[in-house]
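Predicted, not measured: the structure shown is a model, and the values here were computed from it.
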Amino acid sequence: MAAMKKTVSVIVAILAVLTVSAAILLCVVFPNKYTDAVNKSAAEFDLPRPLIRAVVWAESRFNPSAESRKGAMGLMQLMPSTLDECAAALGIENADGFDPETSLRCGCYYLSVLLKKFDGDENAALVAYNAGETSAKKYLRGEEIFPETENYIKSVAAAKKLYGLFDR
């Protein structure tokens with residue numbers, strides 16, 4: 001009986017260590033930074049917080065200094081021309097795409113515009129966000145889109161589910 005209790009105690013301890021390790025790994029792989037700014041920007045444009053977290057994760061992994069080979073920048077990886085258009089629409093002067101709040105606000109505004117443009121079709125809006133409106137129109141017609149964009153949609157969907165588990 002003592003051996004059985006010791007075995008159960010060891011198993012419980014191992015499970016506790018595995019649970020804590022999994023939680024730490026989850027937080028490292030799917031960080032949840034800039035919570036206040038994400039929540040504020042998502043609310044301003046009536047967007048689901050898990051979607052915004054998922055887009056930020058897919059675009060920059062929450063790195064405000066991220067810059068793509070094509071010149072997209074910041075948390076939401078906006079191209080300079082898109083940033084300028086969004087900033088002008090929002091009355092933001094001298095917009096800095098690497099500033100987390102500016103990136104989030106402009107990115108959320110842009111995503112909200114795309115969602116309206118594509119009648120609330122989240123995948124089409126994400127295709128447009130990632131690869132442009134022409135690609136989104138192809139997507140809606142059932143035509144092939146870039147494999148990178150297809151993977152992007154899948155990544156955002158998976159991250160959105162995960163972030164949704166903890167969005168309370």
Side-chain angles (χ1 to χ4, degrees), residues 22-23 25-87 89-90 95 97-168:
L25 180 61
L26 196 59
C27 290
V28 169
V29 175
F30 292 96
N32 193 19
K33 299 176 183 178
Y34 307 103
T35 304
D36 290 340
V38 167
N39 292 347
K40 183 177 177 183
S41 294
E44 180 178 2
F45 300 104
D46 199 27
L47 297 170
R49 293 184 305 238
L51 173 62
I52 301 311
R53 285 181 178 80
V55 169
V56 172
W57 177 82
E59 291 290 348
S60 67
R61 298 298 193 263
F62 286 86
N63 176 2
S65 302
E67 192 167 6
S68 76
R69 294 183 311 275
K70 294 183 180 182
M73 62 185 130
L75 290 174
M76 301 268 311
Q77 287 294 282
L78 295 170
M79 294 298 289
S81 59
T82 304
L83 175 69
D84 290 344
E85 288 174 25
C86 295
L90 296 171
F98 295 109
D99 173 64
E101 288 184 17
T102 300
S103 183
L104 286 163
R105 190 159 181 244
C106 288
C108 286
Y109 168 77
Y110 181 52
L111 187 56
S112 73
V113 167
L114 292 172
L115 281 164
K116 287 177 189 137
K117 190 172 277 191
F118 292 103
D119 297 321
D121 186 319
E122 194 172 286
N123 285 341
L126 289 170
V127 170
Y129 192 94
N130 181 260
E133 291 182 33
T134 302
S135 293
K137 290 173 185 171
K138 286 181 181 180
Y139 170 82
L140 287 171
R141 290 191 301 262
E143 296 176 24
E144 213 170 287
I145 58 173
F146 300 115
E148 174 188 318
T149 302
E150 194 121 351
N151 290 336
Y152 174 80
I153 292 170
K154 291 175 185 172
S155 293
V156 170
K160 181 183 170 190
K161 283 182 184 176
L162 186 108
Y163 282 113
L165 293 173
F166 305 102
D167 187 59
R168 302 289 172 241

**Prompt:** Does a side-chain heavy-atom distance below 4.5 Å link Cys106 with Leu90?
**Reply:** yes

**Request:** Would you check if Pro100 and Phe62 make a side-chain contact, meaning some heavy-atom pair closer than 4.5 Å?
**Result:** no

**Message:** Taking the side chain as everything from C-beta on, heavy atoms only, tell me whether Tyr34 gets closer than 4.5 Å to Glu101.
**Reply:** no

**Any donor-acceptor pair under 3.5 Å from Tyr139 side chain to Leu126 backbone** = no

**Prompt:** With side chains defined as the heavy atoms from C-beta onward, is the minimum distance between Met73 and Leu78 less than 4.5 Å?
**Reply:** no

**Request:** Write down the atom of Pro50, the atom of Lys160, and the distance for their closest heavy-atom approach.
**Result:** CB-O, 3.6 Å

**Prompt:** Rounded to the nearest 0.5 Å, how far apart are CE of Met79 and OG of Ser68?
**Reply:** 6.0 Å

**Complete:** Which of Pro64, Ser41, Ser65 passes side chain to side chain contact (heavy atoms under 4.5 Å, CB included) with Leu75? Answer is Pro64

**Message:** Can you confirm whether Val55 sits close enough to Tyr152 that some side-chain heavy atom of one is under 4.5 Å from a side-chain heavy atom of the other?
**Reply:** yes

**Message:** I want to check something: taking the side chain as every heavy atom from C-beta on, are Val156 and Glu59 in contact at a cut-off of under 4.5 Å?
**Reply:** no

**Prompt:** Are more than 12 heavy atoms from other residues, nucleotides or ligands located less than 6.0 Å from atom CD of Glu133?
**Reply:** yes

**Message:** If the condition is side chain to side chain contact (heavy atoms under 4.5 Å, CB included), which residues does Ala95 pass it with, not counting sequence neighbours?
**Reply:** Leu83, Ala87, Ile92, Thr102

**Prompt:** Roughly how far apart are Ile145 CD1 and Thr134 OG1, rounded to 0.5 Å?
**Reply:** 13.0 Å

**Item:** Other residues, nucleotides, ligands: >12 heavy atoms within 6.0 Å of Glu144 CD
**Value:** no

**Request:** Kindly give the heavy-atom pair with the smallest separation between Arg49 and Asp167, and that separation in Å.
**Result:** NE-OD1, 2.8 Å

**Prompt:** If you take all heavy atoms of Tyr110 and Ala128, which pair is closest and at what distance?
**Reply:** OH-O, 4.1 Å

**Asked** Near Phe146 CZ, under 6.0 Å, is it more than 12 heavy atoms from other residues, nucleotides or ligands?
**Response** no

**Message:** Looking at every non-hydrogen atom in both residues, tell me the closest pair between Ala136 and Phe118 and how far apart they are.
**Reply:** CB-CZ, 3.5 Å

**Asked** Side chains of Arg53 and Asn39: does their closest heavy-atom pair fall under 4.5 Å?
**Response** yes

**side chain to side chain contact (heavy atoms under 4.5 Å, CB included) partner of Ser135, chosen from Val127, Thr149, Asn130** = Val127

**Donor on one side chain, acceptor on other, Glu44 and Tyr109, under 3.5 Å** = no

**Distance, nearest 0.5 Å, that separates CG of Asp121 from CG of Leu114** = 11.5 Å

**Request:** Enter the distance from Leu111:CG to Lys116:NZ here, rounded to the nearest 0.5 Å.
**Result:** 10.5 Å

**Request:** Quick one: pull up SG in Cys108 and NZ in Lys40 and give me the separation to the nearest 0.5 Å.
**Result:** 12.0 Å

**Request:** With rounding to the nearest 0.5 Å, note down the distance linking CZ in Phe45 to CG in Leu115.
**Result:** 12.5 Å

**Item:** Residues in side chain to side chain donor-acceptor pair (under 3.5 Å) contact with Asp84, at least two apart in sequence or another chain
**Value:** none

**Message:** Counting C-beta onward and ignoring hydrogens, is there a side-chain heavy-atom pair between Lys161 and Leu165 closer than 4.5 Å?
**Reply:** no

**Request:** Taking all heavy atoms of Phe98 and all of Ala66, pick out the closest pair and write down the distance.
**Result:** CE2-O, 3.4 Å

